[in-house]
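The structure under discussion appears below in the form of structure tokens.
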Amino acid sequence: MSETPLLDIMEALREVPSRVSMGSTGRITDMTKYHSIHGNSIIDIDSFWLDVTNSMITWRKAPTIGLKGSFGDVSNRPLSWFEDGTLNVTESCLDSNLKTRAEKTAILWEGDEPGETRRISYSELLELVCRAANALKSLGVEKGDRVIIYMGMVPEAAVAMLACARIGAVHSVVFGGFSAESLRDRVIDCDAKLVITQDEGMRGGKKIPLKEVCDEALDGDSSVKGVLVYRRTGGPVNWNPVRDVWWHDFVPLQPSECHPKECNAEDPLFILYTSGSTGKPKGLVHTCGGYITYTSYTHATVFDIREDDVYACVADVGWITGHSYIVYGPLANGATTLMFESIPTYPDAGRYWEVVARHGVTIFYTAPTAIRALAAAGDRFVSVHDRSTLRVLGTVGEPINPEAWNWYYDVVGEGRCNVVDTWWQTETGGICISPIAQATPTIGGSATLPLPGIVPQLNDSEGREITGEGEGLLCIKYPWPGQARTVWRDHSRFVSTYFGHFPGLYFTGDGCKRDKRGYLWITGRIDDVINVSGHRMGTAEFESVLVSHSAVSEAGVVGFPHPIKGSGVYAYVVTQPSEEWNQDLSEELNLLCRKRIGAHAKIDLFQHIPGLPKTRSGKVMRRILRKVAEGEMDSLGDISTLADPSVVGAIKDGAKKILYQSD
Ligand code: WT7
């Protein structure tokens with residue numbers, strides 16, 4: 001009989017029962033298991049995902065059907081998963097946890113001021129959600145109605161999302177940095193019946209006037225019949241007695257139980273707006289059964305979730321990361337999920353690590369932009385705080401450069417934590433390409449390998465597949481349960497944006513390299529989307545704001561490499577003949593972007609040019625704008641089709657002054 005070291009047995013006894021059940025597919029603990037599970041997941045997609053969902057998710061009527069439809073046929077029939085199943089996702093996130101985790105902390109809230117915390121157990125969270133759900137019903141919200149959530153990072157934002165889900169209403173969270181105009185556009189697009197907001201938000205010691213922005217957005221005729229207002233700061237607000245209701249006056253009076261509405265797997269769970277290459281943000285629709293299956297599976301797999309983890313994803317619920325990996329995935333797995341109201345540099349650049357030390361955080365998930373900014377602030381902000389509880393470190397939102405990855409691994413993780421660089425998108429619903437903590441050997445800068453169920457394909461621009469080592473456009477070959485099903489009330493836009501490039505493939509908009517060992521390295525967006533500090537911005541959104549100013553006749557906006565933000569925003573501006581270009585005008589234009597788009601929309605560099613580089617048919621040659629902003633002035637390619645090639649010289653000369661200002 002071979003001997004098993006006692007420590008291994010104790011480790012096995014300690015770990016196995018404490019992990020989330022994953023069905024017969026099991027945990028991925030090494031690469032042999034990864035390859036076998038990934039292989040099986042592709043051979044029989046339906047049984048793989050049916051097995052995952054039936055073992056992880058609480059269904060009212062368990063599904064027997066997996067996928068219906070295909071990428072080649074999305075224009076005729078939206079994809080569906082588990083379509084004969086019925087459920088309410090809050091039963092997976094809340095009720096199902098009451099048996100063994102009623103007193104366990106579900107939401108651990110860290111407020112803006114260090115040490116300002118709240119702990120909400122699973123039983124308390126269920127009660128809060130039920131009261132809020134009953135409040136929504138009393139305010140006339142019914143299954144299928146849209147509710148906009150415009151809040152900061154308070155637990156009530158998660159409660160509001162789950163309350164909508166409890167009654168089958170469709171939430172659409174709008175990030176609290178968006179302007180009144182952006183909020184209004186979203187209210188109109190989804191025809192919202194109710195808005196949930198708060199008096200003010202708190203971020204880094206500053207107050208964000210959420211209710212005031214909301215009032216401005218709803219000014220005049222609106223589909224919105226009620227506004228439920230959570231009191232966070234007690235700051236002054238204007239009150240519309242016909243429309244506005246205080247959360248604290250109304251929600252606590254509601255019954256503490258609310259029967260979960262039985263929904264079809266394919267009923268919409270939420271709409272989330274995201275920037276694309278045209279001016280108008282798209283409302284991506286995620287549905288109940290597939291989304292909750294995919295977020296819980298990927299959350300448990302990638303981060304190797306264990307029962308006593310304190311899991312902290314420091315994103316905002318206004319973005320998909322917050323939906324999938326602060327709220328739905330972690331709660332469906334019965335985890336303790338930390339919600340962080342503040343910013344990484346408040347009161348100083350050690351805040352994250354101070355939070356890690358104080359709460360004993362074991363898994364920490366953030367964006368490369370924060371890592372770069374904190375690395376630049378100096379290691380002493382890290383080393384003064386105890387990080388010995390950390391086990392897994394994650395990143396998301398943009399490519400992470402190897403220097404930042406190494407700093408995260410060596411300095412923050414003291415060389416002993418698994419770092420997972422997770423690639424995914426609002427559209428994918430959850431992580432698609434990522435190391436699996438504990439299993440995948442990592443190299444800084446590579447998102448490594450696809451998760452089970454995901455088959456990436458690299459194509460050249462003509463649609464030929466690139467196999468083996470090479471670089472191309474990142475596509476995904478087969479459907480997976482977590483992906484968005486459509487664009488709200490614009491299915492043809494969904495089809496043309498994601499399936500119009502290469503028939504039968506999902507096109508991501510990203511470039512990607514595959515190395516010798518098959519590892520994937522995301523190189524960034526290849527379309528007119530810029531990833532600024534992990535926030536996705538459409539160049540067309542900036543351009544339409546710029547040309548709306550009376551002094552501007554034309555504008556072209558592109559990204560450029562930025563040492564902290566990943567990409568910065570570079571605007572080429574052509575002024576009206578009678579107008580002069582000066583610093584005041586650039587400041588005015590930035591104020592306008594802030595007002596029209598939001599606080600996160602800022603142009604980093606302006607260049608005044610005599611004219612945009614256009615072809616004889618009048619099309620702007622964006623390639624030239626991009627190359628010049630990247631400082632690659634000598635590799636502009638063929639410019640013979642330009643109507644006036646002399647503009648290129650002027651653009652290059654002007655750019656040199658801007659890009660090499662300090663020389
Ligand atoms: C775009 C999606 C996914 C939640 C946050 C962003 C970029 C995302 C990575 C990564 C390289 C990444 C891509 C993608 N991106 N993660 N690990 N490495 N790039 O969601 O706002 O929908 O943006 O973010 O360009 O297409 P999003």
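Both counts, for ligands and for their atoms, begin at 1 and track the order of listing. All values reported here derive from a predicted model rather than from experimental measurement.
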Among protein heavy atoms, which lies nearest [atom], and at what distance?
atom	result
atom 11 (C) of ligand 1	P399 N, 3.1 Å
atom 23 (O) of ligand 1	R536 CD, 3.5 Å
atom 1 (C) of ligand 1	N531 ND2, 3.6 Å
atom 10 (C) of ligand 1	E398 O, 3.5 Å
atom 3 (C) of ligand 1	W424 O, 3.1 Å
atom 4 (C) of ligand 1	T321 OG1, 3.2 Å

Is the shortest distance from a Lys or Arg side-chain nitrogen in [X] or [Y] to a carboxylate oxygen in the other one below 4.0 Å?
X	Y	result
D527	R525	yes
D309	R391	yes
R626	D528	yes
R596	E181	yes
E110	R351	yes
R489	D189	no

Can you tell if the side chain of [X] reaches within under 4.5 Å of the side chain of [Y], non-hydrogen atoms only?
X	Y	value
H600	V532	no
D604	Y570	no
Y297	W480	no

L474 pairs by side chain to side chain contact (heavy atoms under 4.5 Å, CB included) with which of N459, I433, I526?
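That would be I433.
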Going by distance only, is there an N or O of [X] that falls short of 3.5 Å from an N or O of ligand 1?
X	value
T274	no
D510	yes
T395	no
G397	yes

Those atoms of ligand 1 less than 4.0 Å from some heavy atom in [X]:
X	answer
D421	10 (C), 17 (N), 18 (N)
Q425	2 (C), 3 (C), 14 (C), 22 (O), 26 (O)
R525	14 (C), 25 (O), 26 (O)
I320	4 (C)

Compute the minimum heavy-atom distance from W319 to ligand 1 and say whether it is under 4.0 Å.
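Contact check W319 vs ligand 1: negative.
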